[in-house]
Amino acid sequence: MIVKVVNKSKHQLPEYQTESSAGLDLRANIEDKITLKPLQRALVPTGLFMELAQGHEAQIRPRSGLAYKHGITVLNSPGTIDADYRGEIKILLVNLSEEEFVIEDGERVAQMVIAKHEQIQWLPVDTLEDSTRSAGGFGSTGKK
């Protein structure tokens, strides 16, 4: 898939890190360091603008290393960028640790996965077909 992109950052375009990677690492494009205190959130610019094809979205997801080692995650995970959005891609990060975390320019702060999606039309009905799970939810599977 070809995606049109405008790169106003000082960094190279995101690349897949391995041949089987699903996500592209997105880098912070900032003039000054951002210090995230515990439970603080920040909108981190990337300097990237893109044009996705209709029927696709970009999902913004946390980087596992930042989440595990530092408690840094994407707050609205996964975040969705719709195909008709043309503004700058920005990453909403939150610090869930008990220590400050400093974001440097060029640091890989999130990953982006492109996915197809469908739009639905509702069909109002009075009942739904039964299933094995039925209305069980929130930890109901696996219980005996």
Side-chain angles (χ1 to χ4, degrees), residues 1-126 128-129 131-142:
M1 166 187 285
I2 304 294
V3 175
K4 293 180 183 177
V5 63
V6 174
N7 185 0
K8 293 186 179 181
S9 80
K10 37 192 165 317
H11 310 291
Q12 294 179 357
L13 287 174
E15 296 178 334
Y16 294 101
Q17 297 299 304
T18 69
E19 65 183 47
S20 296
S21 293
L24 298 147
D25 287 337
L26 299 177
R27 297 182 182 277
N29 187 58
I30 52 180
E31 295 302 319
D32 300 312
K33 297 176 184 177
I34 297 173
T35 300
L36 273 179
K37 295 181 178 168
L39 299 180
Q40 186 178 16
R41 58 191 177 270
L43 201 54
V44 181
T46 65
L48 299 174
F49 303 73
M50 70 178 168
E51 182 180 328
L52 287 175
Q54 183 94 14
H56 293 80
E57 65 165 328
Q59 297 176 358
I60 305 301
R61 301 178 180 180
R63 292 195 64 243
S64 59
L66 281 181
Y68 176 67
K69 296 174 186 173
H70 304 287
I72 305 301
T73 190
V74 174
L75 189 57
N76 60 328
S77 184
T80 292
I81 300 174
D82 296 312
D84 57 354
Y85 178 68
R86 297 294 185 269
E88 182 178 10
I89 298 170
K90 295 183 181 180
I91 312 302
L92 181 55
L93 294 180
V94 64
N95 182 353
L96 298 179
S97 77
E98 296 175 358
E99 299 177 13
E100 288 185 353
F101 181 78
V102 177
I103 301 167
E104 308 266 351
D105 180 53
E107 184 161 356
R108 295 179 297 159
V109 293
Q111 57 181 327
M112 179 175 70
V113 174
I114 305 300
K116 290 183 179 182
H117 69 82
E118 298 287 332
Q119 287 190 334
I120 67 165
Q121 293 181 4
W122 292 109
L123 175 62
V125 296
D126 293 325
L128 300 175
E129 290 183 30
S131 71
T132 307
R133 186 174 186 175
S134 193
F138 298 99
S140 66
T141 60

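Since the structure is predicted, the reported quantities are computational estimates derived from the model, not experimental observations.
Within a 6.0 Å radius of OH in Y16, more than 12 heavy atoms belonging to other residues, nucleotides or ligands are found.
Side-chain atoms of D105 and H11 include a donor-acceptor pair closer than 3.5 Å. Side-chain contact check for E57 and Q59: at least one donor-acceptor pair (N or O, by modelled atom type) lies under 3.5 Å. Remark: the T35 side chain and the E100 side chain contain no N/O donor-acceptor pair separated by less than 3.5 Å. A donor atom on one side chain and an acceptor atom on the other are not found under 3.5 Å apart for N95 and K37.
At least one side-chain heavy atom of I81 sits under 4.5 Å from a side-chain heavy atom of M50. Counting heavy atoms from C-beta on, the side chains of R27 and E107 never come closer than 4.5 Å. Contact check for T46 versus V44: no side-chain heavy atoms found under the 4.5 Å cut-off. Here the side chains of L52 and V3 are in contact, with some heavy-atom distance below 4.5 Å. Between F49 and R86 there is no side-chain heavy-atom pair separated by less than 4.5 Å. Residues I60 and P78 form no side-chain contact, since every pair of their non-hydrogen atoms from C-beta on lies 4.5 Å or further apart. Side chains of I103 and V109 form a contact here, defined as non-hydrogen atoms less than 4.5 Å apart. Side-chain contact between I34 and D32 is absent, with no heavy-atom pair separated by less than 4.5 Å.
Shown here are the salt bridge (Lys or Arg N to Asp or Glu O under 4.0 Å) partners of E104, two or more places apart in sequence or in another chain: K33. Applying the salt bridge (Lys or Arg N to Asp or Glu O under 4.0 Å) rule to D82 yields no partners; only residues at least two apart in sequence or on another chain are considered.
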